[in-house]
Amino acid sequence: VSISDLVDESYRRIGEVEEKVQAFLTLNEEQARVKAKELDDKLAKGEETNPLFGLPIGIKDNIVTKGLRTTCASKILYNFDPIYDATVMERLNAAGAITIGKLNMDEFAMGSSTENSGFQLTRNPWDLERVPGGSSGGSAAAVAAGEVPFALGSDTGGSIRQPAAFCGVVGLKPTYGRVSRFGLVAFASSLDQIGPITRTVEDNAYLLQVISGVDPMDSTSANIPVPNYVEALTGDIKGLKIAVPKEYFGEGVDEGVRQSVLAALNVLEKLGVTWEKVSLPHSKYALATYYLLASSEASANLARFDGVRYGYRTDNAKNLIDMYKLTRSEGFGNEVKRRIMLGTFALSSGYYDAYYKKAQKVRTLIKRDFENVFEQYDVIIGPTTPTPAFQIGEKTSDPLTMYMNDILTIPVNLAGVPAISVPCGFVDGLPVGLQIIGKHFDESTVYRVAHAFE
Ligand code: GLN
């Protein structure tokens with residue numbers, strides 16, 4: 001097959017299913033076809049060997065793409081056409097990947113169901129009455145529906161792993177600092193990471209390989225060599241020691257999910273690993289800590305959307321202050337406003353010590369929980385989510401039950417460690433995700449275990 005055939009196949013499939021799934025916000029069809037032709041010519045001359053060369057990819061709409069609309073699924077950025085590429089886009093373009101389009105998400109990545117998109121509802125390809133998860137719901141749904149073989153998402157508190165689990169695909173949140181955030185529209189800068197969503201672990205490793213590594217444009221990117229992730233997929237996991245936190249099987253975790261994870265541990269045991277129960281005692285504080293810290297950072301990051309610099313500006317203002325207020329009231333959705341208000345409150349003088357500073361201290365305790373366990377074990381394993389995909393509309397009226405869905409993914413972001421979700425079974429016909437958590441910068445072991453299990 002030619003690269004043009006691959007790109008044709010992506011758009012053919014999009015034409016077939018997109019009316020139902022609604023994963024894409026913007027398509028890049030004309031440009032993608034031009035690039036496919038160019039790459040076919042190069043291929044004919046035998047010029048290229050890169051494994052991603054010519055492969056179609058979908059990009060979450062909070063990653064800036066030069067000349068291709070980038071909205072974060074927010075009305076406030078409805079017309080924003082970036083004048084530069086995110087570092088991950090530069091790297092993908094250099095490797096010959098072809099951008100098929102931009103994918104739906106919760107507005108500014110705030111949510112767990114993609115229902116907070118300012119534009120459209122994405123549906124779970126396994127059951128169209130259910131959510132695809134979020135916030136990278138468009139990315140996971142597009143891969144699950146066969147619209148694209150590769151996608152990028154972002155994960156601040158579970159937004160790659162949770163939708164991957166709900167849609168039965170593979171999603172990895174890299175170690176904080178592994179992948180440059182330059183050009184990722186910031187939600188909570190100390191937690192955000194871009195990562196790959198794919199159908200297989202091997203594809204995932206190829207994609208991470210391309211986007212990883214230090215970047216002078218992001219001072220939080222780590223200057224640590226990038227190992228060969230694909231070579232790590234040896235199939236041999238004999239002798240590895242796995243920790244299973246008892247806190248990840250607590251109240252609210254569905255019995256079917258529990259059984260699927262225990263069955264997965266059985267399979268791993270047959271492959272030669274040993275596992276033991278451990279405790280991550282501060283897990284119960286993770287949700288509260290996350291919502292204080294993520295919202296505080298968001299309230300500062302989102303101050304830049306003021307009607308002057310980018311995107312939407314109200315027509316109804318009589319003076320400057322009015323213009324700021326009305327632009328933001330009209331442009332942001334309810335969940336984004338809720339976070340900005342919570343964050344502004346937590347950072348305000350008189351409350352800062354009680355909320356923000358306290359949350360930072362608890363974050364350290366949560367990080368130490370992981371460090372203690374990793375002194376004796378190679379990976380930590382549990383479910384990715386307490387339940388399989390829920391019904392559309394089921395949790396929209398109660399933010400707290402929506403937040404609870406990320407109770408097993410959020411501690412990982414607070415600790416900054418890498419974690420993958422791989423499919424590990426079904427409950428009532430809906431996919432279940434197995435979460436494998438690794439040491440800082442040890443994506444290789446995470447992949448090796450996921451690949452041996454898959
Ligand atoms: N669901 C979580 C939130 O709403 C996580 C989002 C994310 O990882 N981007 O904040």
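As the structure lists them, so they are numbered: ligands from 1, and atoms in each ligand from 1. Worth knowing before you read on, the calculation uses all heavy atoms, side chains too, and leaves out hydrogens, waters and symmetry mates.
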E255, CD atom: more than 12 neighbouring heavy atoms under 6.0 Å:
yes

Between A109 and ligand 1, which residue portion shows a heavy-atom distance shorter than 4.0 Å: side chain, backbone, both, or neither?
both

Checking contacts here: is it the side chain or the backbone of D406 that comes within 4.0 Å of ligand 1, counting heavy atoms only? Could be both or neither.
side chain

List the steps, then state whether salt bridge (Lys or Arg N to Asp or Glu O under 4.0 Å) holds for K102 with D61.
CA-CA 5 Å; K102 301 298 293 287; D61 211 24; 3.0 Å; yes

As a quick check of understanding, evaluate salt bridge (Lys or Arg N to Asp or Glu O under 4.0 Å) for R338 and E335, giving each step before the final call.
CA-CA 5 Å; R338 183 159 29 241; E335 184 62 29; 2.8 Å; yes

K60 N/O under 3.5 Å from ligand 1 N/O
no

Where ligand 1 meets G111 - atom numbers and elements under 4.0 angstrom, heavy-atom basis
1 (N), 2 (C), 3 (C), 4 (O), 6 (C)

May I ask you to list the atoms of ligand 1 that are less than 4.0 angstrom from any heavy atom of S135?
9 (N)

for atom 7 (C) of ligand 1, nearest protein heavy atom and its distance come out as S159 OG, 2.3 Å

Give a yes/no on ligand 1: does Y403 have at least one heavy atom closer than 4.0 angstrom to it?
no

Please say which of V273, D378, T445 ends up in a side chain to side chain contact (heavy atoms under 4.5 Å, CB included) with I237.
V273

Smallest separation among heavy atoms of I197 and S136, with atom names
CD1-CB, 4.2 Å

Quick note on ligand 1: atoms under 4.0 Å from a heavy atom of M110 include exactly 4 (O)

Subset of ligand 1 atoms that lie under 4.0 Å from at least one heavy atom of Y291
2 (C), 3 (C), 4 (O), 10 (O)

Using distance alone, decide if ligand 1 has a nitrogen or oxygen within less than 3.5 Å of any nitrogen or oxygen in S154.
no

Heavy-atom gap R339 to ligand 1 smaller than 4.0 Å:
yes

heavy-atom search around atom 5 (C) of ligand 1 in the protein gives Y290 OH, 3.3 Å

Could K241 and Y377 be counted as a cation-pi pair, given that NZ or CZ must be under 6.0 Å from the ring centre and within 45° of the axis?
yes

Is the charged tip of K357 near the ring of Y352: under 6.0 Å from the six-membered ring centre and within 45° of its axis?
no

With the threshold set at under 4.0 angstrom, would you say G158 reaches ligand 1 through any of its heavy atoms?
yes

Starting from the C-alpha separation in whole Å, work towards a yes-or-no answer on salt bridge (Lys or Arg N to Asp or Glu O under 4.0 Å) for K439 and D442.
CA-CA 5 Å; K439 299 176 187 174; D442 192 15; 5.6 Å; no

Numbering the atoms of ligand 1 from 1, which are under 4.0 Å from a heavy atom of G157?
5 (C), 7 (C), 8 (O)

Would K358 and D353 satisfy salt bridge (Lys or Arg N to Asp or Glu O under 4.0 Å), going step by step from the backbone distance to the final call?
CA-CA 6 Å; K358 181 67 133 246; D353 285 343; over 6 Å; no

